[in-house]
Amino acid sequence: MEKVGKVKNIAKRILSNGFPVLFLGDRGIGKTSIAWEIAKEMGLDVFYLNVSQMFPENISFPQVKEEMLHFITFDLNNKVVILDELTNRNPDMHSLLQSLVLDKRIGDKRFENIYFIATGNKPEQSSVATIIPRPLVERFVVIDFPIPSKEEWASYTMSRGGNPLFVSFILNSPDHMFYEEPKDDDLNQYPSPRNNTRTAILLKDLINNEMVGNEDYVMSIDSELDIIISGSSGKKVYLAFKNYIIQGRYYSFKNYAKGDYPRNDSEVLSLIVDVADLVKRGMIDLNKFNEIFEYIHKNHKKYDHYMLSYTALVNGNEWKANVYEYAHTHKNSALSKYLQNISKKGV
């Protein structure tokens, strides 16, 4: 059984025994979607509550009736209550959530046959995540929600009408095309299971397998591909996927290492993107980077500056400083000669 499927079955067992579940995990990996699936499989309706956007008055209204204070609220009996983004909650929601989860009550109204599935991020996974108060968190069975396998993702995405060619591309691509840790200091999109599912759905009527290798057609819809894929899954996914449907293959550093060199600009850019990611993961050192840079400089000169700037953007100032140190101690390296040249030009 795949890992997300196993988590889903365990969660249903926990809920059936009357205990609430809290899925903790990174963004875009399917926590909320699985919560909805669980409710459907249990034959229960859902009351969805995005805790990060709610205030107590949105779901509980005080009213004086016969000189008594009553609370008007929703009927939550026989429902799965999804408490989405629990770790990003408005602090004003704390008392209401305590009452709802601990006592199954809002004001003077109690509920029967009510189930709770909460979702959230650990503080290290989100800049807006906060610690859940101990009395509340201890009422949940906390489950570290795994990133789904590519096969689980593909099955779900195809069931939503996702484009088969894009699904095939993700299945055959390196893991960083499937999921990448986002940065909090930019507005760029990064690949994740959720983002890639959205991309696959948006592409469903735009391309098909008969268009593989048809460069003229691909270039005729290039602007649409760029807008959709870059805006949903990120620029690197767009570049790699465009080359995939033109060449019928995914191009990466593995191809380069085998002596299968880039055939076009798209493959050059795919190589640069892949190399930057491998540098970030410590799989390419500066000696190897210098070798690849020398190849780019000699054969695809218009991209040499882009290779340096993009890799620096991905890896930060410390890596950039290491490059200058490397160039200083390796005077005959391609990096050293390039940096000396642009320094003379005042670039």
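Everything numeric here is computed off the predicted structure, so don't read it as measured data.
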State, yes or no, whether a side-chain contact exists between [X] and [Y] at a heavy-atom distance under 4.5 Å.
X: Val4; Y: Phe145; result: yes
X: Asn196; Y: Met177; result: no
X: Leu225; Y: Leu203; result: yes
X: Tyr48; Y: Thr32; result: yes
X: Ile292; Y: Ile284; result: yes
X: His300; Y: Tyr295; result: yes
X: Val237; Y: Thr199; result: no
X: Val101; Y: Val81; result: no

Over 60° means perpendicular and under 30° means parallel, so tell me whether Phe169 and Phe166 are parallel, tilted or perpendicular.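 Phe169 and Phe166: tilted rings.
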Do you see a donor-acceptor pair shorter than 3.5 Å between the side chains of [X] and [Y]?
X: Asn315; Y: Thr311; result: no
X: Gln340; Y: Ser336; result: yes
X: His176; Y: Asp274; result: yes
X: Asn287; Y: Tyr326; result: yes
X: Tyr244; Y: Ser168; result: yes

Within 6.0 Å of NZ in Lys320, more than 12 heavy atoms from elsewhere: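 Count not over threshold, so no.
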Is it true that a side-chain atom of [X] and a backbone atom of [Y] form a donor plus acceptor pair closer than 3.5 Å?
X: Thr197; Y: Thr157; result: no
X: Arg198; Y: Ser232; result: yes
X: Asp84; Y: Leu49; result: no
X: Arg110; Y: Asp103; result: yes
X: Thr87; Y: Asn121; result: yes
X: Asn243; Y: Leu239; result: no
X: Glu152; Y: Gly5; result: yes
X: Asn163; Y: Ile207; result: yes
X: Ser159; Y: Tyr156; result: yes

Nearest 0.5 Å please: distance from the [atom1] atom of [X] over to the [atom2] atom of [Y].
X: Leu278; Y: Ser252; atom1: CG; atom2: OG; value: 8.0 Å
X: Ile170; Y: Lys150; atom1: CD1; atom2: NZ; value: 7.0 Å
X: Gln247; Y: Asn264; atom1: CD; atom2: CG; value: 5.0 Å
X: Lys31; Y: Glu85; atom1: NZ; atom2: CD; value: 8.5 Å

Short N-O contact, Lys254 and Asp260, less than 4.0 angstrom: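 No.
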Is the shortest side-chain N to carboxylate O distance from Asp226 to Lys235 below 4.0 Å?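 Salt bridge between Asp226 and Lys235, a charged N being under 4.0 Å from a carboxylate O: yes.
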Tell me the closest heavy-atom pair linking [X] and [Y], and the distance in Å.
X: Phe23; Y: Ala11; result: CZ-CB, 3.9 Å
X: Asn290; Y: Ala334; result: OD1-N, 3.2 Å
X: Ala240; Y: Ser270; result: CA-OG, 3.6 Å
X: Asn322; Y: Leu286; result: O-CD1, 3.5 Å
X: Ala39; Y: Val46; result: CB-CG2, 3.3 Å

Who are the salt bridge (charged side-chain N to carboxylate O under 4.0 Å, His left out) partners of Glu291, not counting sequence neighbours?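 Result, salt bridge (charged side-chain N to carboxylate O under 4.0 Å, His left out) vs Glu291: Lys288.
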side-chain contact (heavy atoms from CB on, under 4.5 Å) between Arg27 and Arg194, intermediate numbers included: CA-CA 8 Å; Arg27 104 290 180 220; Arg194 177 178 61 199; 3.7 Å; yes
According to a hydrophobic-cluster definition based on side-chain heavy atoms being under 4.5 Å apart (Ile, Leu, Val, Met, Phe, Trp, Tyr only), do Phe140 and Leu102 belong together?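 In one cluster: yes.
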Starting from the C-alpha separation in whole Å, work towards a yes-or-no answer on ring-ring contact (aromatic ring centres under 6.0 Å, His included) for Tyr179 and Trp153. CA-CA 11 Å; Tyr179 180 81; Trp153 170 83; over 10 Å; no
